[in-house]
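Bear in mind that the values here come from a model prediction, so they are computed numbers and not experimental data. Note: hydrogens, waters and symmetry copies are ignored here, and every other heavy atom, side chains too, is used.
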Amino acid sequence: MLRGLGAEVVEVRKPEQLDGLDGLVIPGGESTAFMRLMRLYGLDEALRGFERPIFGTCAGMIVLDRDHLGLGDFRVRRNAFGRQVASFETDLDLGHGDEPLRAVFIRAPWLEEVGPEVEVLAEVDGRPVLARQGRILVAAFHPELTDDTRVHEIFLNAVREESSVRA
Ligand code: GLN
């Protein structure tokens, strides 16, 4: 998705691979495994010192919350919509008269509590599922599983703005 939008993409597994990156995506998966591996490799500490835009989806959103890496001022409820069988798709209202955004939820979390600096961009049944706090963007769903590039574009725009400020 990001390559299609013109970004140069590399995979990060070790702390030193963060050097020189303009932004970071923490993808979906399994947040418990992510936390364990990040501790093992020292990526948790390295991420706390990473100052560029970060985009967390699903498990990636979970690890950014107050109870995990603590980079975002929000608290996440894991598997909030139910277990694997409760995975679903729905259309999100982004406001501003924008086209609805088709979103795929897989054992998805929601944002249970958000701090004052968190801007909620979309909800499902009153539960925030897309939000931004300064350089941090989080989605409870998997925007890489549809053809709609708008969420990735929000992230890339933040990356481009930050890197032009630094240049
Ligand atoms: N349920 C998973 C977790 O708690 C997240 C699922 C996902 O990333 N699609 O980490």
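For the pair Leu145 and Glu89, the minimum side-chain heavy-atom distance is 4.5 Å or more. Annotation: side chain of Asn157 is in contact with side chain of Arg160 (closest heavy-atom distance under 4.5 Å). Under the 4.5 Å side-chain criterion, counting only non-hydrogen atoms from C-beta, Asp65 is not in contact with Glu112. Leu47 has its side chain out of reach of Val63: every pair of non-hydrogen atoms, C-beta onward, lies at least 4.5 Å apart. At a threshold of 4.5 Å between non-hydrogen side-chain atoms, the residues Leu21 and Arg52 do not count as touching. In this structure, Leu18 and Val12 have side chains that are in contact, with non-hydrogen atoms separated by less than 4.5 Å. By the 4.5 Å heavy-atom criterion applied to side chains, Pro143 and His152 are counted as neighbours.
There is no path of hydrophobic side-chain contacts, each under 4.5 Å, that joins Leu64 to Trp110. Under a hydrophobic clustering in which Ile, Leu, Val, Met, Phe, Trp and Tyr are joined whenever their side-chain heavy atoms come within less than 4.5 Å, directly or via other members, Phe155 and Val118 fall into different clusters. Linking ILVMFWY residues whenever their side-chain heavy atoms come closer than 4.5 Å, directly or via other members, leaves Phe74 and Phe81 in distinct clusters. Note: the hydrophobic cluster containing Ile54 does not contain Ile154 (ILVMFWY, side chain heavy atoms under 4.5 Å, direct or indirect links). Clustering ILVMFWY residues whenever any of their side-chain heavy atoms sit less than 4.5 angstrom apart, transitively, puts Val159 in a cluster other than the one holding Leu24.
One distance of note links CZ of Phe141 with CD1 of Ile106; it measures 12.0 Å at 0.5 Å rounding. Taken from CZ in Arg77 to CG in Leu111, the straight-line distance is 12.0 Å, to the nearest 0.5 Å. Interatomic distance, Leu137 CG to Leu121 CG, rounded to the nearest 0.5 Å: 7.0 Å. Atom CG of Leu2 sits about 8.0 Å away from atom CZ of Phe55, to the nearest 0.5 Å. Atoms CG and OG, from Asn79 and Ser31 in turn, are 7.5 Å apart once rounded to the nearest 0.5 Å. Atom CD1 in Ile26 sits 11.5 Å away from atom NE2 in His68 (nearest 0.5 Å).
The aromatic rings of Phe105 and Phe88 sit parallel, their planes meeting at an angle under 30°, below the 60° perpendicular limit.
When all heavy atoms are compared, the tightest approach of Phe50 to Gly23 is CZ-C, 3.9 Å. Nearest heavy atoms, Cys58 versus Gly28: CB-CA, 4.1 Å. Summarising the geometry of Gln17 relative to Lys14, their closest heavy-atom pair is OE1-N, 2.7 Å, with the distance given to 0.1 Å. The shortest non-hydrogen separation linking Ala108 to Ala140 is CB-O, 3.5 Å. When all heavy atoms of Met61 and Ala139 are compared, the pair lying nearest together is SD-C, 3.7 Å. The minimum heavy-atom distance between Asp44 and Arg39, with the atom names listed, is OD2-CG, 3.0 Å.
Around the CD atom of Glu117, the shell of radius 6.0 Å holds no more than 12 heavy atoms that belong to other residues, nucleotides or ligands. Other residues, nucleotides and ligands place no more than 12 heavy atoms under 6.0 Å from the CD atom of Glu8. Within 6.0 Å of atom CZ in Arg13, 12 or fewer heavy atoms from other residues, nucleotides or ligands are found, so the atom counts as exposed in its surroundings. The number of heavy-atom neighbours closer than 6.0 Å to CG of Asp98, taken from other residues, nucleotides and ligands shown, is above 12.
Salt bridge Arg36/Glu30: absent, no basic N to carboxylate O contact under 4.0 Å. A salt bridge does not link Arg150 with Glu99: none of the charged nitrogens is closer than 4.0 Å to a carboxylate oxygen.
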>> Go through it in stages, so that I can follow the logic: the residues are Arg66 and Asp73, the test is side-chain contact (heavy atoms from CB on, under 4.5 Å), and I'd like the CA-CA distance, side-chain angles, deciding distance and then a yes or no.
In response: CA-CA 6 Å; Arg66 287 182 197 141; Asp73 187 17; 2.9 Å; yes
> Can Thr57 and Val151 be said to form a side-chain contact (heavy atoms from CB on, under 4.5 Å), step by step?
Replying inline: CA-CA 10 Å; Thr57 63; Val151 180; over 6 Å; no
> Given the rule in the side-chain contact (heavy atoms from CB on, under 4.5 Å) test, do Leu130 and Leu94 qualify, once you have shown the distances and angles that lead to the verdict?
Replying inline: CA-CA 9 Å; Leu130 180 64; Leu94 299 177; 4.0 Å; yes
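Listed for the Arg48 side chain is a donor-acceptor partner under 3.5 Å among the backbone atoms of Leu69. No donor-acceptor distance shorter than 3.5 angstrom exists from the side chain of Glu162 to the backbone of Pro53, with no hydrogens or angles considered.
The only member of Asp91, Asp147, Asp148 that meets side-chain hydrogen bond (donor to acceptor under 3.5 Å, both in side chains) when paired with Arg102 is Asp91.
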